[in-house]
Each structure stands twice: as C-alpha cells, then as structure tokens.
Novice: 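The structure that follows is given in the form of structure tokens.
As a basis for the values below, the full set of heavy atoms in this structure was taken, side chains included, without hydrogen atoms, waters or symmetry mates. Treat the numbers as computed from the prediction; the structure is a model and nothing was measured.
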Amino acid sequence: MKHSFYLVFIYLLYTIFLFPISVVVLVAFFVRKKITFVNFYQKLGFIPLKNPAKKQFIHVHLCSIGEWNTFFTFLRSLKQASSNPILVTYFNQDLSGVIKKSDLVEKYFFLPLENPISIHLLFMTYRIKYSIISEAESWPGLLFAIQLLKRKAFLVNAALFSAEFKRYRMLKFFFAPLFNSYHAIYPTSQDFLNRFLELGVAKEKLIPSGNFKFDTNYAKLTKKIPFTPTKKKLIVLSSIHFAEFKVIFNPLKSFLANEKYAFLIAPRSLLEKANWLKFLKKNQIPFKLRSDLVKIDFSEHVFLDSYGELYSFYEKASLVIMGGSFIPIGGHNILEPISKNKPVLIGPHTHHFSDIVAAFKEELFFSSATHLARDLQEALKKLPLNKKAAYQRKLRENRGHSKKVLRSILKITAN
C-alpha cells in the first residue's frame, strides 16, 4: 500500500501535540495506582524484544477481556489455518491473566503508547506478516508503522458506535486517512458500514460481515463452581459500572433488602473495588466477597471480585440485569446470559449491541433507571414464560461470521 503524505502529516500532528498529553495521563494513572508497573513500563515502549528463532508472527490487537472472548473462536480458527504463531497486543491490563491461561497465543504484551521507535522494533523483531485489529481501533502510530513497513492491516468485527462516530466525524480530516490505511474493514452491520462510508472510507475497502459475538462458544467459559442450594431467586448485576450502580441503587434497594432475592454484583472492572465496598458498607448492604468463599453461599449477596467466573454464575441466575445500559455507555454483551437461556433486562443505552438487541427484541426486558423497580418486578413475574427455544434458534441463525472473515483475510494474504 502506497504510503500517504497526508498520513505522515496526521501522525506528526498527533505525536507533537497529543502524545505528550497521553504520557502525562499515563503517569497520573500510575501514581494513582490505576495501572500496574508492568502496564506502565510496557506502554511507555519497553516491551520484550526476543525472537531468537526468527519466527514470522501474525499480529492481533485487542483491547479488553470482552474482545478476547469475542475473538476466541476467530483466534482458534486462525491458529489452525496458519503456520504462523500469533502475537497479541492489548490495552486493558485485566486481559493479561486471561491470555496467559490460553494456548492460542505465543507472545503477548501491552501496545506501546504510540511510541514510534517501540512499534517499529516490535514489527521488525517479530517479523509481523500482517495485523488484525479489533472493532474501531485507530491508533495513529500503529497504523503509521504498518503503512511505513508496507504491511497489511485488517479492521475486524468493525463497529462505529454513535458517540465515537460523532467525534470521528467532527475530526474527519484526522480519522478518514487513518481508516483508509486499512487494507480491508469488516463492519458487523449495514448501519456501521454506512457510517464508515460517511466518514470517507473507500467503498472497496468495506466488506460486510456479521458480529463475531454470535460465534462465541460460551460453554467454554464455564468453570465448575460449588454452590450451596438456595430457594432464593438469583439476580445477576452483570458488568455494572460503579457510577451506574449508584444511579440504579435506589430503585434496587427494596429488592436488595428482600430475603426472596440474592444478588451477584459483578463489576465491570475491579479497579474501583475499594469504592464499591465502601459504598455497599455505607448503605448497609450485606454481602460476601467471592474471593472469601470456597463454596458459594447466597445467604447474603455476593460481590464478584474474581475474573473469568461470571459466565458460570449465569447457570444459577433467575434473571440478568446487563450493565453499561443504564448510563450512556452502550451496554455489554447480552449473548452470554442468552446462551444460557437466561432472561435479560437492559436499559435504554444499547448502541454497542444494537444488532444483537434487534435480533432478540421479543425475548428481552427493557427498562430505565427511572422505571427499574417497576420493570424488574414485572420481569420477575414473567420468568415462567422464558423463551428458551427462541434463544437457541436465533443463535444458530446468526453463526459463522468469524470463519467467513478469516477466509477472506487468508485469501488476501496468501501471496
């Protein structure tokens, strides 16, 4: 792909003005203990540079645990179909422990924070064949290096959510050349494809595809967890943000105080664990920490302070309230509880999963922070009407997208 002078200009503009600000923010996060030393060190650019066997890697960039779960089936197929090992860079520090337990990836570390020297050394040391980047990532330094080194990059399971799209459109002069530097972009829906077109992405680069989340084998996420039998109805607050919990706390107070119900409180991130525990104690909510329990006992509510276990709790759930949807974040993955045939109640902010919500709109319960108490009570009354057959039928109808995209990438990169 011919290197663009305009992209050079964009990258220099970013490096001169925004990169120093990014470093200051990174230092502030480290001082406040919101990131680990390893995270801080590697994001500054000090990543492992060891490839004695001179292997040629396929580079995959992910952000969070959610993206890892979404791409798991794709990565497994990629490993089976290619003789090249996989190198993963990531942004969220919670992801490292999850990758470590997998045998899909040979190398993994944090993406250097737009450090041009480190990114160049990464590509040269690991002899990157091509890059696969998730959803809507547009790192200028990374994309600049990919073009400069004449590698191909693919934006996979691509989505332009409303809030992002508004920002990108306002700075179209900046983002249009970045997205056009991809060799191909695979939007998950026609709406997202149209947004890329409006942003100025060349039509020939856009290849329609479905959402990888439908292809996830969620059963693989299940762990064996011992539970003490209970007659209580278990309500899972799934991937709830701390700020969001404070917004919906008052509507939930009567349910939290009712001995008929037990709540599993599963925070979106454990970085604010101290704030969560302080808030729960201040409001006299009886709870136990998952980390203190060998066998799960719902005599009190349980705060999930562990990773990789949420899906296993869905097995026991009567109802799931999905986080990120009661404040303007956009919602999180409702397919995990749906795959377990569990009813899901969501708030009004679902733009991150609009295609999935549309597919299951007849099976979902909808609410808002204002009407949550009323709608939750109504949903609990309707639990016997749970439409398990419809869940599984719609899941089957929407599978196969990740393999279709992989075939396309392998065809493009065959030579």
Novice: Of all residues at least two apart in sequence or in a different chain, which pass the side-chain hydrogen bond (donor to acceptor under 3.5 Å, both in side chains) check with Ser83?
Specialist: none

Novice: May I ask you to check whether Tyr90 and Phe109 place their ring centres under 6.0 Å from each other?
Specialist: no

Novice: Any donor and acceptor pair, going by atom type alone, linking the side chain of Thr73 with main-chain N or O of Asp215 inside 3.5 Å?
Specialist: yes

Novice: Can you name the salt bridge (charged side-chain N to carboxylate O under 4.0 Å, His left out) partners of Asp191, sequence neighbours left out?
Specialist: none

Novice: Cut-off 3.5 Å, side chains only: do Ser209 and His401 have a donor facing an acceptor?
Specialist: no

Novice: Fit a plane to each ring of His301 and Phe263, take the angle between them on a 0 to 90° scale, and name the class: parallel (under 30°), tilted (30 to 60°) or perpendicular (over 60°).
Specialist: perpendicular

Novice: If only side-chain N and O atoms count, and only distance matters, is there a donor-acceptor pair under 3.5 Å linking Tyr314 with Ser339?
Specialist: no

Novice: Decide yes or no on side chain to side chain contact (heavy atoms under 4.5 Å, CB included) for Arg399 and Arg396, but give the supporting numbers first.
Specialist: CA-CA 6 Å; Arg399 284 179 181 146; Arg396 289 193 299 270; 3.8 Å; yes

Novice: Which atoms form the tightest heavy-atom contact between Ile240 and Ile321, and what is the distance?
Specialist: CD1-O, 4.2 Å

Novice: Testing the 3.5 Å rule here: is there a donor-acceptor pair between the side chains of Ser77 and Gln80?
Specialist: no

Novice: Given the rule in the side chain to side chain contact (heavy atoms under 4.5 Å, CB included) test, do Lys232 and Lys260 qualify, once you have shown the distances and angles that lead to the verdict?
Specialist: CA-CA 5 Å; Lys232 295 182 178 182; Lys260 290 168 52 180; over 6 Å; no

Novice: Do we see a donor-acceptor contact under 3.5 Å between the side chains of Ser299 and Lys288?
Specialist: yes

Novice: Look at atom NZ of Lys403 and say whether more than 12 heavy atoms of other residues, nucleotides or ligands are closer to it than 6.0 Å.
Specialist: no

Novice: To the nearest 0.5 angstrom, please state how far the CZ atom of Arg151 sits from the NE2 atom of His183.
Specialist: 15.0 Å

Novice: Taking all heavy atoms of Ile329 and all of Gly324, pick out the closest pair and write down the distance.
Specialist: CB-O, 3.5 Å

Novice: Strictly by modelled atom types, are Thr228 and Lys295 linked by a side-chain donor-acceptor pair under 3.5 Å?
Specialist: no

Novice: Any side chain to side chain donor-acceptor pair (under 3.5 Å) involving residues 343-360? Give me the pairs, sequence neighbours left out, ordered by first then second residue.
Specialist: Asn211-Asp355

Novice: For the atom pair CD (Glu300) and CG (Leu293), what is the distance rounded to the nearest 0.5 Å?
Specialist: 9.5 Å

Novice: Using the benzene-type ring in the case of Trp, are the ring centres of Phe91 and Phe110 under 6.0 Å apart?
Specialist: no

Novice: What distance do Ile65 atom CD1 and Ser96 atom OG have between them, rounded to the nearest 0.5 Å?
Specialist: 8.5 Å

Novice: Would you please indicate if the ring centroids of Phe161 and Phe192 are separated by under 6.0 Å?
Specialist: yes

Novice: Roughly how far, to the nearest 0.5 Å, is the CD atom of Glu204 from the CD1 atom of Ile185?
Specialist: 11.0 Å

Novice: Step by step, work out the ring-ring contact (aromatic ring centres under 6.0 Å, His included) result for Phe279 and Phe249.
Specialist: CA-CA 10 Å; Phe279 183 86; Phe249 176 72; 5.2 Å; yes

Novice: Side chain to side chain contact (heavy atoms under 4.5 Å, CB included) between Leu87 and Tyr108: does it pass, once the steps are laid out?
Specialist: CA-CA 6 Å; Leu87 179 153; Tyr108 60 96; over 6 Å; no

Novice: Given 3.5 Å as the limit, does a donor-acceptor pair link the side chain of Ser82 with the main chain of Leu78, or not?
Specialist: no

Novice: Would Trp276 and Phe287 count as a close aromatic pair, with their ring centres under 6.0 Å?
Specialist: no

Novice: Got a second to check how far Glu309's CD is from Leu264's CG, nearest 0.5 Å?
Specialist: 9.5 Å

Novice: Has the side chain of Lys316 got a donor or acceptor atom that lies under 3.5 Å from a matching backbone atom of Leu234?
Specialist: no

Novice: Out of Phe154, Trp68, Phe212, Tyr186, which residue meets the ring pair (Phe, Tyr, Trp, His ring centres under 6.0 Å) rule with Phe74?
Specialist: Phe212

Novice: Using the side-chain contact (heavy atoms from CB on, under 4.5 Å) rule, pick out the option among Leu237, Ile285, Leu289 that qualifies with Phe303.
Specialist: Leu289

Novice: Checking side-chain polar atoms at under 3.5 Å, does Ser239 have a donor or acceptor matched by the opposite partner on His332?
Specialist: no

Novice: List in chain and number order the residues that pass side-chain hydrogen bond (donor to acceptor under 3.5 Å, both in side chains) with Tyr391, two or more places apart in sequence or in another chain; answer none if no residue qualifies.
Specialist: Asn386

Novice: Kindly indicate whether the side chain of Lys203, heavy atoms from C-beta on, has any atom under 4.5 Å from the side chain of Leu197.
Specialist: yes

Novice: Could you tell me whether the side chain of Lys213 and the main chain of Leu335 form a donor-acceptor pair under 3.5 Å?
Specialist: no

Novice: Determine whether a donor-acceptor pair (N or O, by modelled atom type, separation under 3.5 Å) exists between the side chain of Asn157 and the backbone of Ser134.
Specialist: no

Novice: Please name all residues satisfying side-chain contact (heavy atoms from CB on, under 4.5 Å) with Asn250, sequence neighbours left out, ordered by chain then number.
Specialist: Lys253

Novice: Are Glu315 and Lys342 close enough, and set up right, to give a salt bridge (charged side-chain N to carboxylate O under 4.0 Å, His left out), and what steps lead you there?
Specialist: CA-CA 8 Å; Glu315 186 72 45; Lys342 300 301 178 179; 5.6 Å; no

Novice: Which heavy-atom pair separates Met322 from Ile334 by the least distance, and what is that distance?
Specialist: CG-CG2, 3.9 Å

Novice: Which residues pass the side-chain hydrogen bond (donor to acceptor under 3.5 Å, both in side chains) test with Glu397, sequence neighbours left out?
Specialist: Arg393

Novice: Is a side-chain donor-acceptor pair under 3.5 Å present for Tyr261 with Ser318?
Specialist: no

Novice: Looking at every non-hydrogen atom in both residues, tell me the closest pair between Gly45 and Ser118 and how far apart they are.
Specialist: O-OG, 2.7 Å

Novice: Between Glu363 and Lys394 (salt bridge meaning N to carboxylate O under 4.0 Å), is one present in this structure?
Specialist: yes

Novice: Could you verify whether a donor N or O on one side chain and an acceptor N or O on the other, from Asn194 and Glu198, lie under 3.5 Å apart?
Specialist: no

Novice: Given 3.5 Å as the limit, does a donor-acceptor pair link the side chain of Asn180 with the main chain of Ala202, or not?
Specialist: yes

Novice: For the atom pair CG (Leu372) and CG (Leu252), what is the distance rounded to the nearest 0.5 Å?
Specialist: 5.0 Å

Novice: If only side-chain N and O atoms count, and only distance matters, is there a donor-acceptor pair under 3.5 Å linking Ser181 with Gln147?
Specialist: no

Novice: So, Glu244 side chain and Phe326 main chain: donor-acceptor pair closer than 3.5 Å or not?
Specialist: yes

Novice: Run Asn84 and Lys55 through side chain to side chain contact (heavy atoms under 4.5 Å, CB included) and show every step you take.
Specialist: CA-CA 8 Å; Asn84 300 98; Lys55 296 179 181 178; over 6 Å; no

Novice: So which heavy atom on Ala159 is nearest to which on Glu164, and how close?
Specialist: O-OE1, 4.2 Å

Novice: Which atom pair, heavy atoms only, marks the closest approach of Ile327 to His241?
Specialist: CD1-CB, 4.3 Å

Novice: Looking just at side-chain N and O atoms, do Thr89 and His59 make a donor-acceptor pair shorter than 3.5 Å?
Specialist: yes

Novice: Do Phe313 and Phe227 have their ring centres less than 6.0 Å from each other?
Specialist: yes

